[in-house]
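Quick notes on the structure that follows.
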Amino acid sequence: MTCEQVLSVDVTENNAGSFPIGVRILVVESDPTCLRIVSKMLQVFGYEVKTATRATDAMHILREKEDEINLILTETHLPDMDQYEILETVGELSSSPIVVFSADNNESTILGCLFKGAELYLVKPVIKNDVKNLWQLTYRTKLKTAVSGEGSNTFHGGSAEQNTSSLTVGNPASTMGMTDQKGKRKELEETDNDHEYIDNLTAPKKSKLVWTNELHNIFLQALRIVGVDGAHPKKILQHMNVPGLKKENVSSHLQKYRLYLKREQDGMQKTAVLHQHLIHKEGSLNTQTRNSS
DNA sequence: GAACTAATAT
DNA sequence: AATATTAGTT
């Protein structure tokens with residue numbers, strides 16, 4: 001079997017760095033054999049693998065444990081969902097980067113997936129080298145928090161291996177025209193066309209903090225630790241332990257996050273009412289369990 | 001005053 | 001829309 005050959009991954013190649021270790025990846029693949037092979041490959045490199053064979057299973061996992069997933073690897077030909085539907089649905093459910101792997105080698109299919117939000121498209125058969133560096137996608141936009149005025153930080157954990165060096169992960173522009181796709185590559189985007197004169201010497205340019213997926217995940221992790229009672233900016237900030245991050249940053253993000261939760265909850269109430277009706281029917285059937293004598 | 005958060009500004 | 005900043009409350 002070629003399967004077993006693929007499984008003989010050279011573990012020695014993994015010694016270069018311990019980077020994929022701890023990266024949690026959700027693999028969605030309907031074919032059990034393929035799922036097993038890919039999962040094994042990932043595990044050898046140190047990924048933490050969760051699996052699903054159906055789109056609905058994947059959705060359940062994401063709904064309940066979205067913050068425990070860093071990366072999603074999915075097939076597009078699933079029994080219970082169309083190829084692009086899975087991308088759309090998962091994209092709404094999770095902020096993690098989505099990688100598609102499929103045997104379909106059509107250019108239009110590949111581009112379609114990329115336009116639908118996939119970060120990367122791998123053509124089967126997937127080999128170890130395809131999978132080895134996927135963890136880099138979780139660092140898609142690096143943390144840039146190095147600013148002046150570093151206060152006293154007496155606490156360091158070890159959670160963040162944030163490397164600001166060149167983690168060049170191509171981000172397929174999501175705002176491209178869809179009809180014209182020729183192989184135009186722009187490697188350099190040095191946009192010097194800003195003719196804005198900075199009047200003052202003491203204006204080093206404030207750059208807004210960008211809440212990347214990674215940063216948001218740290219935020220969610222901190223939220224989980226402090227619990228609902230302690231979900232306040234100062235405590236969250238301490239648990240996040242990200243250098244340069246300010247309490248105000250967390251406050252702002254927390255506000256946005258709460259709005260998001262509320263909006264989600266309001267949306268859920270409609271469906272919740274429907275479910276309640278169903279439950280009520282079942283419940284009324286069971287009410288006669290307590291018939292004495 | 002410090003921390004929190006809702007409201008507002010960029 | 002996302003993030004920063006202000007302002008009002010505890």
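Just so you know, these numbers come straight off a predicted model, no measurement behind them. The sequence lines fix the lettering, A, B, ..., with proteins before strands; numbering per chain opens at 1.
Expressed to the nearest 0.5 Å, how far CG of A:Asp80 lies from CD of A:Glu85 amounts to 8.5 Å.
Heavy atoms only, all atoms of each residue included: A:Thr109 and A:Tyr121 are closest at CG2-OH, 3.9 Å.
A donor N or O paired with an acceptor N or O is found under 3.5 Å between the base of B:dA7 and the side-chain atoms of A:Gln255.
The NZ atom of A:Lys247 sits 11 Å away from the P atom of B:dT5 (whole-angstrom rounding). A straight line from CG of A:Leu259 to C1' of B:dA6 spans 9 Å, rounded to a whole angstrom. The distance between atom NZ of A:Lys256 and atom P of B:dT10, rounded to the nearest whole Å, is 20 Å. The interatomic distance linking A:Leu254 (CG) with C:dA2 (P) rounds to 15 Å, in whole Å. Rounding to whole angstrom units, NZ of residue A:Lys235 and P of B:dT5 are separated by 12 Å. In this structure, A:His232 atom NE2 and C:dT9 atom C1' are separated by 14 Å, rounded to whole Å. Atom OH of A:Tyr257 is separated from atom P of B:dA6 by 16 Å (rounded to the nearest Å). For the pair A:Tyr260 OH and B:dT5 C1', the interatomic distance rounds to 21 Å; values are reported in whole Å.
Ring pair A:His216/A:His253 is perpendicular by interplanar angle, where above 60° counts as perpendicular and below 30° as parallel.
For A:Lys208 and B:dT10, the shortest distance from a side-chain N or O to OP1 or OP2 is not below 4.0 Å. OP1 or OP2 of B:dC4 has not a single side-chain nitrogen or oxygen of A:Lys234 nearer than 4.0 Å. Within the structure, every side-chain polar atom (N or O) of A:His253 is placed at least 4.0 Å from both OP1 and OP2 of C:dA2. Residue A:Asn249 has no polar side-chain atom (N or O) positioned under 4.0 Å from OP1 or OP2 of C:dT3.
For the pair A:Ser252 (side chain) and A:Glu248 (backbone), a donor-acceptor distance under 3.5 Å is absent.
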